[in-house]
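Just so it is clear: chains get the letters A, B, ... in the order the sequence lines come, proteins before strands, and each one is counted from 1. Excluded from the calculations below are hydrogen atoms, water molecules and symmetry mates; all remaining heavy atoms, backbone and side chain alike, are included.
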There are 2 protein chains.
Amino acid sequence: MPRAVAPPDATDTSLRQQVYESVREALTMGRFAPGQKVTFRYVAGVLGVSLTPVREALRRLVAEGAFEMNPNRSVRVPLMTRDKVLELRDIRMELEGLASAKAAMAATRSQIAGIRRAAREIIVARNRGDGATDRQKVREYHFAVYAAAGQPTLLRLIESLWLQTGPYMNLLYPDFISSSRGPAGRQRLIEALQTRNAAAARREMAEDIRRALSYVADLADENGNIAPAAPTAVTRRRRQPAGAASFDLHAN
Amino acid sequence: MPRAVAPPDATDTSLRQQVYESVREALTMGRFAPGQKVTFRYVAGVLGVSLTPVREALRRLVAEGAFEMNPNRSVRVPLMTRDKVLELRDIRMELEGLASAKAAMAATRSQIAGIRRAAREIIVARNRGDGATDRQKVREYHFAVYAAAGQPTLLRLIESLWLQTGPYMNLLYPDFISSSRGPAGRQRLIEALQTRNAAAARREMAEDIRRALSYVADLADENGNIAPAAPTAVTRRRRQPAGAASFDLHAN
DNA sequence: TCGCCGAATTTGTGATCACAAAAATGCTTT
DNA sequence: AAAGCATTTTTGTGATCACAAATTCGGCGA
């Protein structure tokens with residue numbers, strides 16, 4: 001998967017960055033419960049570091065909307081509501097539609113090949129009933145498209161939005177997925193990229209997002225709240241110096 | 001100017017927040033030179049605080065795109081290029097267009113009145129040749145529209161984008177402003193809000209942004225770089241305990 | 001005068017500490 | 001047993017310190 005632009009903090013080995021990535025992944029994997037308070041000392045304890053890097057990592061996640069601050073200064077996982085999902089849906093339709101349109105105008109042959117490969121791998125995983133790999137490949141497919149747009153700021157914004165919706169994408173499995181027109185839509189998008197049809201690319205991507213997030217919004221209870229699906233299987237953390245474990249749900 | 005939504009960190013009195021606001025304002029006012037390295041100890045010294053709150057404030061600004069990190073861990077003011085302006089232009093057209101469309105569907109009478117008032121104040125300032133007030137009122141006008149949309153996440157994203165383009169909006173004065181169709185466009189937008197014409201509201205706002213940022217992009221030199229206009233007059237900082245001064249250009 | 005190399009300085013990072021606000025606990029009283 | 005209140009514990013905040021990496025500076029040699 002070639003990345004045309006936006007070299008990420010690949011070489012950042014600071015503890016702050018490691019903590020950021022660990023917590024971010026735990027969040028994406030749904031390993032924190034919505035509304036759960038996450039204390040600095042808890043994270044520091046789990047990862048075996050001091051408060052300093054934890055504070056900076058968590059504050060960054062707050063700035064990105066992945067966490068929110070209590071009025072009285074503590075950090076918690078945001079509760080998802082129908083209104084919030086609908087807001088995110090409309091924003092994502094705009095931005096990811098824009099990125100797809102730009103990708104249609106800028107994508108190279110090899111980038112399109114990478115997108116096509118990711119699309120194939122989605123089908124393979126889906127046929128196997130492998131939901132975890134499915135989700136992973138869907139993400140790769142999407143970001144392969146967005147990376148082909150060659151717009152670093154746009155890519156950053158989209159990543160921030162995925163961080164907010166990520167824990168709730170589990171809810172699409174398995175019911176929504178099986179009824180989805182997914183493969184055909186992706187096929188049309190790829191054709192649009194090849195024919196440099198920006199409007200068609202935008203339309204396909206926006207429509208995909210509309211369907212998925214509208215489905216999630218409809219899962220809200222009478223109060224408008226949406227509970228995330230059960231977290232995916234807890235895979236052990238790598239790294240982590242001494243006695244550090246992975247995050248656990250309902251910790252603290 | 002009624003704020004329908006998104007109660008900001010109004011009651012956050014932490015040093016971190018104060019540092020964040022100070023640096024953010026200095027950045028918006030163009031008091032830092034593009035490419036300038038901003039060291040933690042310098043900011044801490046100017047504001048009379050320790051490194052701790054400064055680090056968190058600057059890291060947040062990095063996360064918001066207002067600063068960027070050197071590969072070898074230091075923070076600097078991003079250089080603006082034509083490509084970046086064009087990218088920001090297209091993103092802003094989408095998001096601020098979306099916000100305007102939502103505002104057309106949701107704005108209350110009193111919100112529309114506030115928007116109209118801001119539009120009038122722009123004209124007054126412009127007739128006086130008061131560029132600083134002009135810019136201030138333009139900002140108020142835009143955010144009055146966006147606040148009327150009632151979409152907190154969208155508002156946050158737009159604020160982040162303004163933070164990135166802010167220091168370069170000086171460049172519109174006075175040449176672009178005098179040739180602009182500004183007042184008429186704002187009048188049409190307000191009419192669209194009143195008639196609940198979302199498509200028209202979106203079109204007017206997007207067109208405004210397109211013209212302004214296209215103009216800025218055309219100011220790039222042969223290398224694609226864009227220099228910001230001279231900073232506006234340095235107004236003294238408030239607060240600041242002991243011996244602390246305001247930021248100065250080319251500091252360090 | 002220019003380029004190179006080692007020392008001195010600057011600067012970001014992470015840990016630790018003291019402190020105050022907030023939250024939790026437990027005791028008392030009705 | 002429930003509600004109020006004081007005490008203890010938890011938790012975020014900000015300052016300070018030690019350290020290593022990066023940068024700057026100064027002098028030497030070509």
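- Every residue was checked against the ring-ring contact (aromatic ring centres under 6.0 Å, His included) condition with B:Phe40, not counting sequence neighbours, and none meets it.
- Partners of A:Asp218 under the side-chain hydrogen bond (donor to acceptor under 3.5 Å, both in side chains) rule, at least two apart in sequence or in another chain, do not exist in this structure.
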Checklist outcome for this item: B/S/- along nucleotides 13-19 of chain D (protein heavy atoms under 4.0 Å) is BBBB---
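- Considering only residues two or more places apart in sequence or on other chains, B:Glu94 meets the side-chain hydrogen bond (donor to acceptor under 3.5 Å, both in side chains) condition with A:Arg202.
- Straight-line distance from the CG atom of A:Asp12 to the P atom of C:dG12: 14 Å, rounded to whole Å.
- For A:Tyr20, there are no ring-ring contact (aromatic ring centres under 6.0 Å, His included) partners at least two apart in sequence or on another chain.
- When the salt bridge (charged side-chain N to carboxylate O under 4.0 Å, His left out) test is applied to A:Glu87, no partner is found at least two apart in sequence or on another chain.
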